[in-house]
Amino acid sequence: MNYLEQNIKLIHDMELNNMENSFKHITGLKKTLLTINKSAIKIPESRQTYHISTGNYLIRYDTINSTNKVSDREKYLLQLLILSNCIRRVSFYDLPLKTQRKYARANDYRAYIYEILPLRNARFDRLRKIKKDTPLNYSALCLIEGVGLANQVFKRFTTYKGYYYFSSDSLELIANYVWEKHTATLNDIANFYLDNMLIRPKIYGKNMPLNRDEEVTYIISVLKALNDSGWWKKYDINIKRNGQLMRNKLQDVNGNTLVITEEKRKIKKHITEGNLLCAIENIEKCLN
């Protein structure tokens with residue numbers, strides 16, 4: 001039994017940690033993973049393509065169905081399969097020489113060639129932090145899982161304006177601000193960050209700078225994505241609707257407005273001037 005057959009058995013049995021919960025929680029994930037492995041195993045040996053370093057099977061996903069197209073939903077599911085270490089993106093130079101020549105002649109190297117990984121090493125636990133059917137956020141994923149994995153997940157799906165990378169040190173400024181104000185709207189937090197952060201977050205993708213409104217919108221999306229993953233719990237702050245607050249409710253602010261608020265304090269942490277300078281130095285290192 002080769003590892004593709006083992007993968008198919010593992011998918012059917014759903015015995016890996018967090019696999020069953022992920023398949024039930026995310027519609028289409030099981031079907032997509034099963035299709036990838038079954039399609040690869042059906043390819044005749046003479047036409048099989050393997051990763052030149054690992055020897056693992058490669059599959060070109062956009063040729064699996066008759067339309068040769070990949071829907072937005074499928075792109076999302078492929079991102080989740082990369083995140084959970086079920087498949088991996090390959091570069092042009094990971095392809096066998098014969099395959100490189102084929103795509104070089106046809107000018108047809110596509111985004112959807114993946115290395116199929118043995119599922120015994122899958123990381124479905126990473127999907128527990130993903131709110132159901134919520135698009136992944138590059139900046140949040142960098143902080144949660146690391147820049148390398150985030151780049152793998154987002155490499156082929158970046159928008160034309162790219163994505164920002166934030167340092168965890170810089171986000172402590174936000175926690176400090178919330179502890180001082182107790183509650184603030186997400187819009188106020190985003191503007192505070194932009195007004196007080198001397199070093200702008202680094203942008204990935206095409207270098208088309210965002211205008212102020214776009215920066216505010218993007219930072220708010222990062223704040224919300226981090227909240228969905230439980231990131232802010234370590235700072236004892238949380239995002240809620242203003243009307244849900246029992247204390248520190250903002251007056252003259254609509255009850256449906258999202259705010260970030262201080263929870264009952266479990267930790268004592270405050271950024272001093274010295275800590276702030278240290279944070280800025282760390283950010284500079286990340287961006288250089």
Side-chain angles (χ1 to χ4, degrees), residues 1-11 28-123 126 135-136 138 141-142 145-163 165 202-208:
M1 179 183 292
N2 67 26
Y3 83 90
L4 290 182
E5 294 169 323
Q6 293 173 341
N7 282 356
I8 292 169
K9 184 177 186 304
L10 287 170
I11 295 168
L29 190 69
K30 178 179 180 180
K31 180 182 178 182
T32 302
L33 184 56
L34 199 56
T35 298
I36 287 172
N37 282 272
K38 283 186 172 181
S39 297
I41 209 168
K42 289 178 181 177
I43 298 173
E45 180 65 29
S46 60
R47 292 174 50 211
Q48 285 285 4
T49 307
Y50 304 94
H51 191 287
I52 60 171
S53 298
T54 66
N56 288 335
Y57 289 85
L58 301 179
I59 189 86
R60 180 169 161 176
Y61 186 82
D62 59 333
T63 61
I64 286 178
N65 58 49
S66 57
T67 64
N68 289 347
K69 293 181 179 179
V70 181
S71 68
D72 288 341
R73 178 65 183 179
E74 287 176 302
K75 291 178 184 178
Y76 175 66
L77 294 173
L78 290 170
Q79 285 184 306
L80 296 183
L81 291 176
I82 294 168
L83 179 59
S84 55
N85 204 43
C86 296
I87 60 175
R88 182 185 294 130
R89 300 189 189 283
V90 297
S91 74
F92 182 79
Y93 299 102
D94 293 325
L95 302 174
L97 186 58
K98 181 179 179 181
T99 309
Q100 288 183 22
R101 289 170 177 166
K102 171 186 172 183
Y103 287 122
R105 284 198 306 269
N107 193 26
D108 192 32
Y109 177 63
R110 301 293 182 88
Y112 301 107
I113 299 179
Y114 299 99
E115 177 185 4
I116 305 174
L117 302 175
L119 289 183
R120 63 180 179 273
N121 299 319
R123 291 291 307 277
R126 291 172 177 162
L136 299 177
Y138 173 81
L141 197 58
C142 282
E145 299 293 352
V147 178
L149 183 55
N151 285 344
Q152 261 278 321
V153 170
F154 273 84
K155 184 176 180 182
R156 304 297 183 184
F157 305 126
T158 11
T159 63
Y160 73 99
K161 288 198 175 180
Y163 290 90
Y165 169 67
K202 185 172 182 179
I203 192 166
Y204 287 88
K206 293 187 178 179
N207 289 316
M208 297 179 64

Heavy-atom closest pair, residues [X] and [Y]:
X	Y	result
Asn85	Asn121	ND2-O, 3.0 Å
Phe154	Leu141	CE1-CD2, 4.1 Å
Pro118	Asn56	CD-ND2, 4.2 Å
Lys75	Tyr112	CE-OH, 3.2 Å
Leu34	Ile8	CD1-CG2, 4.1 Å

Decide yes or no for [X] and [Y]: does some side-chain heavy atom of the first lie under 4.5 Å from some side-chain heavy atom of the second?
X	Y	value
Ile43	Ile59	yes
Ile36	Cys86	no
Glu45	Gln48	yes
Tyr138	Val147	yes
Tyr114	Arg60	no
Leu58	Leu95	yes
Arg88	Ile82	no
Ile41	Glu5	yes

Do the side chain of [X] and the main chain of [Y] share a donor and acceptor less than 3.5 angstrom apart?
X	Y	value
Arg126	Leu83	yes
Tyr3	Arg120	no
Asn7	Leu119	yes
Gln79	Leu136	no

As an exercise, state the distance from [atom1] of [X] to [atom2] of [Y], rounded to the nearest 0.5 Å.
X	Y	atom1	atom2	answer
Leu29	Leu77	CG	CG	6.0 Å
Asp94	Arg89	CG	CZ	13.0 Å
Leu33	Lys38	CG	NZ	11.0 Å
Lys42	Ile64	NZ	CD1	10.5 Å
Thr63	Lys69	OG1	NZ	15.0 Å
Tyr76	Ser71	OH	OG	13.0 Å

Under a 3.5 Å cutoff, is there a donor and acceptor pairing between the side chains of Asn37 and Tyr57?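 Judged by distance alone, the side chains do not pair up.
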| query | Any side-chain donor paired with an acceptor under 3.5 Å for Glu115 and Tyr50? | reply |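 The criterion, which ignores hydrogens and geometry beyond distance, is not satisfied for Tyr50 and Glu115.
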